[in-house]
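Below: one structure, written as structure tokens.
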Amino acid sequence: MEVRTRFAPSPTGYMHIGNLRTALYAYLHARKNKGTFILRIEDTDQARLVEDSVKVIYDSLAITGLEHDEGPDIGGPVGPYVQSARLPIYRQHAEQLLSAGHAYRCFCEKHEKSEDPSEEEHEGVILGYDGRCGRLSEAEVKANLDKGMPYVIRQKIDHDGRTAFKDFVYGEITVEHKQLDDQILLKRDGYPTYNFANVVDDHLMGITHVMRGCEYISSTPKYILLYKAFGWEIPEHIHLPHIMGPNGKKLSKREGSAALSDLLDKGYLPEAVLNYIALLGWNPGTEQEFFTKAGLIEKFDIARIGRAPAMFDEVKFSWLNGQHIKALQPAAAHALFLKFYPEKILKDFDAAKLSGLIQGKIEKPSDIPAMVAFLTALDENYSTELFINKKNKTTLEGSRAVLTDLQALLSGLSAWDHAAVYGAVNSYAESKASKIGPIMWPLRIALSGLAVTPTGAIEIAELLGKEESLRRISVAIGRL
RNA sequence: GCCCUCUUCGUCUAGCGGUUAGGACGCUGCCCUUUCAAGGCAGAGAUCACGGGUUCGAAUCCCGUAGAGGGCGCCA
């Protein structure tokens with residue numbers, strides 16, 4: 001049977017990383033099995049519609065390359081793909097349940113969850129609906145309808161017995177029916193709830209593998225009951241463990257890494273994002289960690305999805321992003337870095353050359369401004385302690401002597417390119433019967449005023465040019 | 001409150017009855033004698049949440065306990 005998976009986000013205005021991973025797994029499973037990946041928009045909450053948020057969904061899928069085969073923008077055989085355009089379908093199915101006795105009209109007052117959680121806290125509070133309208137006589141229902149009372153349609157659940165289903169990841173899950181309340185299927189405004197629409201749509205759209213976050217595990221038995229009430233085949237259910245923030249709590253917008261756009265703004269590569277989140281909850285069974293999207297399609301297997309929640313670790317993610325940056329063509333890396341260079345850098349330096357020099361050591365492009373700031377402005381108050389390096393056995397006095405010699409040598413240079421500067425430094429080292437490290441160290445400190453620089457001493461000298469390099473050397477000598 | 005789920009180095013994970021419990025990030029050290037870094041190599045770091053069983057033998061199977069996450073909305 002052809003595999004059909006779907007990504008069914010609701011338009012919230014931003015693409016949450018956890019949702020993106022759900023989309024990724026659904027996409028990978030479809031591609032891996034030469035199946036179909038569908039996009040469906042779940043916009044059934046009229047109160048929470050966010051302007052332009054559907055565009056965010058399209059853009060996110062486009063930039064990460066999770067292209068869908070069917071969806072609102074490109075159509076397909078089982079549309080429409082936007083739930084707000086499917087209202088008659090839900091009503092028809094709700095009425096079918098009504099006449100079959102699997103649902104009933106409920107005329108009760110609205111009971112939305114309180115904004116103040118403490119109100120729900122005190123013991124004895126009835127959680128869930130008590131089902132009273134399910135016991136209304138036909139005459140009472142008719143009377144209410146005649147009065148024009150508004151109503152919702154609820155699923156009628158027999159509170160004896162239990163329902164079990166087999167989750168592909170979590171195994172067999174059994175829930176007693178007394179834990180299930182008569183959930184609302186069709187709201188007063190005629191829109192379906194998620195609980196109803198997802199079942200109807202997944203079936204009508206031929207979804208074979210339902211993938212979603214594990215917060216739906218508890219309510220899945222209610223969906224199973226709906227499938228059974230309709231006499232529909234139950235698709236494979238694949239619930240996914242959550243991605244947690246650094247504090248062990250759910251990933252939130254506050255931490256700045258919950259939304260795809262936050263990550264992209266920091267210069268993380270879309271493919272690195274896919275690579276990293278794929279590994280949060282799935283592993284290939286080998287020691288491979290670097291994956292392109294094509295590599296993920298090849299290796300992905302739903303059998304290797306894990307059950308435990310995973311923390312999003314931006315440190316490891318940065319490392320992985322660095323690996324992807326290294327793998328980039330130089331022109332692509334430069335294009336990525338370009339938007340992070342301060343204007344002064346672009347004006348005074350050969351930015352393409354700079355990109356080539358730093359490509360191998362950039363992990364997070366948003367670090368670039370801080371990393372290259374020393375090129376445009378030397379902080380002349382850097383600590384002279386920097387000249388003391390244990391490994392190269394450099395001292396203050398030694399550094400002063402080396403820099404004084406270098407100043408004379410370099411000022412005599414007619415050419416100022418990598419070969420010329422290196423040649424001069426190297427022959428100086430040879431003349432002193434020294435390794436080159438003890439010469440390079442003070443030179444690099446003098447040129448940058450930093451312990452760690454994005455590139456080496458010779459490269460910095462080359463970027464700065466002769467005049468500025470010599471000026472910085474004399475500043476250093478003055479300070480030593 | 002009731003229900004569901006999860007628990008292996010700090011973090012992501014391998015493991016599916018017998019392993020010196022493996023890898024990766026991070027950390028520490030060494031090497032690379034064209035450099036701090038990057039790269040290569042090495043090391044430290046896990047009484048496998050805890051307590052009981054089953055078994056010749058348990059991280060792996062069973063039962064409890066604890067902690068954490070989730071659900072119980074006219075939200076998804």
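Naming: A, B, ... by sequence-line order, numbering from 1 per chain.
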Separation of [N] [atom2] from [X] [atom1] (nearest whole Å):
X       : N      : atom1 : atom2 : value
H242(A) : U7(B)  : NE2   : C1'   : 17 Å
L280(A) : A14(B) : CG    : P     : 12 Å
Y194(A) : G71(B) : OH    : P     : 12 Å
M244(A) : U7(B)  : CE    : P     : 13 Å
I217(A) : C4(B)  : CD1   : P     : 12 Å
D130(A) : C2(B)  : CG    : P     : 20 Å
Y191(A) : C75(B) : OH    : P     : 12 Å
R48(A)  : A76(B) : CZ    : P     : 8 Å

Using atom [atom1] in both nucleotides, what's the gap between [N] and [M] to the nearest angstrom?
N      : M      : atom1 : value
C50(B) : A44(B) : P     : 22 Å
C61(B) : G71(B) : P     : 28 Å
G51(B) : U13(B) : P     : 25 Å
A38(B) : A24(B) : P     : 16 Å
U20(B) : U7(B)  : P     : 25 Å
U47(B) : A42(B) : P     : 24 Å
U19(B) : G67(B) : C1'   : 29 Å
U60(B) : G52(B) : P     : 14 Å

Using a cut-off of 4.0 Å on non-hydrogen atoms, how would the nucleic acid contact of [X] be classed: base, sugar-phosphate, or nothing?
X       : value
S219(A) : nothing
G322(A) : nothing
I458(A) : base
A451(A) : base
E459(A) : base
Y276(A) : nothing
A457(A) : base
N392(A) : sugar-phosphate
S448(A) : nothing

Open item on the list: Given the structure, check if the side chain of R307(A) and the base of C6(B) hold any donor-acceptor pair shorter than 3.5 Å.
Closed with: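 Absent.
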
Task: Any N/O donor-acceptor pair, S218(A) side-chain to G70(B) base, under 3.5 Å - done: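 Checked by distance alone, the answer is yes.
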
Open item on the list: I want to check one thing: is the phosphate of U34(B), taken as OP1 and OP2, less than 4.0 Å away from some side-chain N or O of K435(A)?
Closed with: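 Checking U34(B) against K435(A), no side-chain N or O comes under 4.0 Å of OP1 or OP2.
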
Open item on the list: Any side-chain N or O of K110(A) below 4.0 angstrom from OP1/OP2 of C75(B)?
Closed with: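 So the side-chain polar atoms of K110(A) never come under 4.0 Å of the phosphate oxygens OP1 or OP2 of C75(B).
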
Using both distances under 3.5 Å as the test, list the Watson-Crick or G-U wobble partner of [N], or none.
N      : value
U7(B)  : A66(B)
G39(B) : C31(B)
G73(B) : none
A58(B) : none

Open item on the list: Check for me: is Y422(A) stacked on U34(B) by the 5.5 Å centroid and 30° plane-angle rule?
Closed with: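 Yes, Y422(A) stacks on the base of U34(B).
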
Open item on the list: As a test of understanding, state which of L328(A), N321(A), L296(A), T292(A) forms a side chain to side chain contact (heavy atoms under 4.5 Å, CB included) with E271(A).
Closed with: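 Testing E271(A) for a side chain to side chain contact (heavy atoms under 4.5 Å, CB included) against L328(A), N321(A), L296(A), T292(A) leaves exactly one candidate, T292(A).
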
Task: Proximity to RNA chain B (any heavy atom under 4.0 Å), residues of residues 172-179 of chain A only - done: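 Those residues whose heavy atoms fall under 4.0 Å from RNA chain B, taken from residues 172-179 of chain A in numerical order, are I173(A), T174(A), Q179(A).
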
Open item on the list: In terms of relative ring orientation, are F337(A) and Y341(A) parallel, tilted or perpendicular, with 30° and 60° separating the classes?
Closed with: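 Because their plane-to-plane angle is over 60°, the rings of F337(A) and Y341(A) count as perpendicular.
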
- [ ] For G449(A) and L386(A), work out which heavy atoms get closest and say how close.
- [x]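 Answer, listing the atom of G449(A) first, then L386(A): O-CD1, 3.4 Å.
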
Picking from [options], which would you name as closest to the side chain of [X]?
X       : options                : value
M311(A) : C75(B), C36(B), C12(B) : C12(B)
I184(A) : C12(B), C74(B), U34(B) : C74(B)
V452(A) : C36(B), U33(B), C74(B) : C36(B)
K361(A) : U35(B), U5(B), C36(B)  : C36(B)
T193(A) : G69(B), C4(B), A76(B)  : A76(B)

[X] side-chain N/O to [Y] backbone N/O, donor-acceptor pair under 3.5 Å:
X       : Y       : answer
E385(A) : F387(A) : no
T174(A) : A164(A) : no
H209(A) : I238(A) : no
W416(A) : L410(A) : no

Open item on the list: If you assign each of K391(A) and G360(A) to its closest nucleotide in RNA chain B, which residue comes earlier from the 5' end?
Closed with: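 First, find each residue's nearest nucleotide; the 5'-ward one identifies K391(A).
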
- [ ] Using heavy atoms to find the nearest nucleotide of RNA chain B for N195(A) and A310(A) separately, return the residue whose nucleotide is more 5′.
- [x]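 The residue closer to the strand's 5' end, by nearest nucleotide, is A310(A).
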
Task: Near-ring test F290(A)/H324(A), centroid separation under 6.0 angstrom - done: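 Aromatic pair counts; centres sit under 6.0 Å.
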
TODO: Spell out protein contact along nucleotides 15-28 of chain B as letters: B when the base is contacted, S when just the sugar-phosphate is, - when no protein heavy atom is under 4.0 Å; keep the 5' to 3' order.
DONE: S------SBBSS--

Open item on the list: Do W282(A) and L279(A) have side chains that approach each other closer than 4.5 Å (heavy atoms only, starting at C-beta)?
Closed with: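 A side-chain contact under 4.5 Å exists here.
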
Open item on the list: For a salt bridge (charged side-chain N to carboxylate O under 4.0 Å, His left out) check, start with the C-alpha distance between R132(A) and D130(A), then their side-chain angles and the critical distance, and finish with the verdict.
Closed with: CA-CA 6 Å; R132(A) 68 183 67 177; D130(A) 63 5; 2.9 Å; yes

Open item on the list: I want to check a possible cation-pi pair here: R105(A) against Y151(A), using under 6.0 Å from ring centre and within 45° of the ring axis as the test.
Closed with: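 The answer is yes; both the distance and angle limits are met.
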
Open item on the list: For a salt bridge (charged side-chain N to carboxylate O under 4.0 Å, His left out) check, start with the C-alpha distance between R154(A) and D181(A), then their side-chain angles and the critical distance, and finish with the verdict.
Closed with: CA-CA 9 Å; R154(A) 286 186 186 269; D181(A) 68 329; 5.0 Å; no

Task: R472(A): partners by salt bridge (charged side-chain N to carboxylate O under 4.0 Å, His left out), with sequence neighbours left out - done: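 Scan of R472(A) (salt bridge (charged side-chain N to carboxylate O under 4.0 Å, His left out), adjacent residues dropped) gives E468(A).
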
TODO: Could you go through the ring pair (Phe, Tyr, Trp, His ring centres under 6.0 Å) check for Y216(A) and Y194(A) one step at a time?
DONE: CA-CA 11 Å; Y216(A) 294 107; Y194(A) 167 86; 4.7 Å; yes

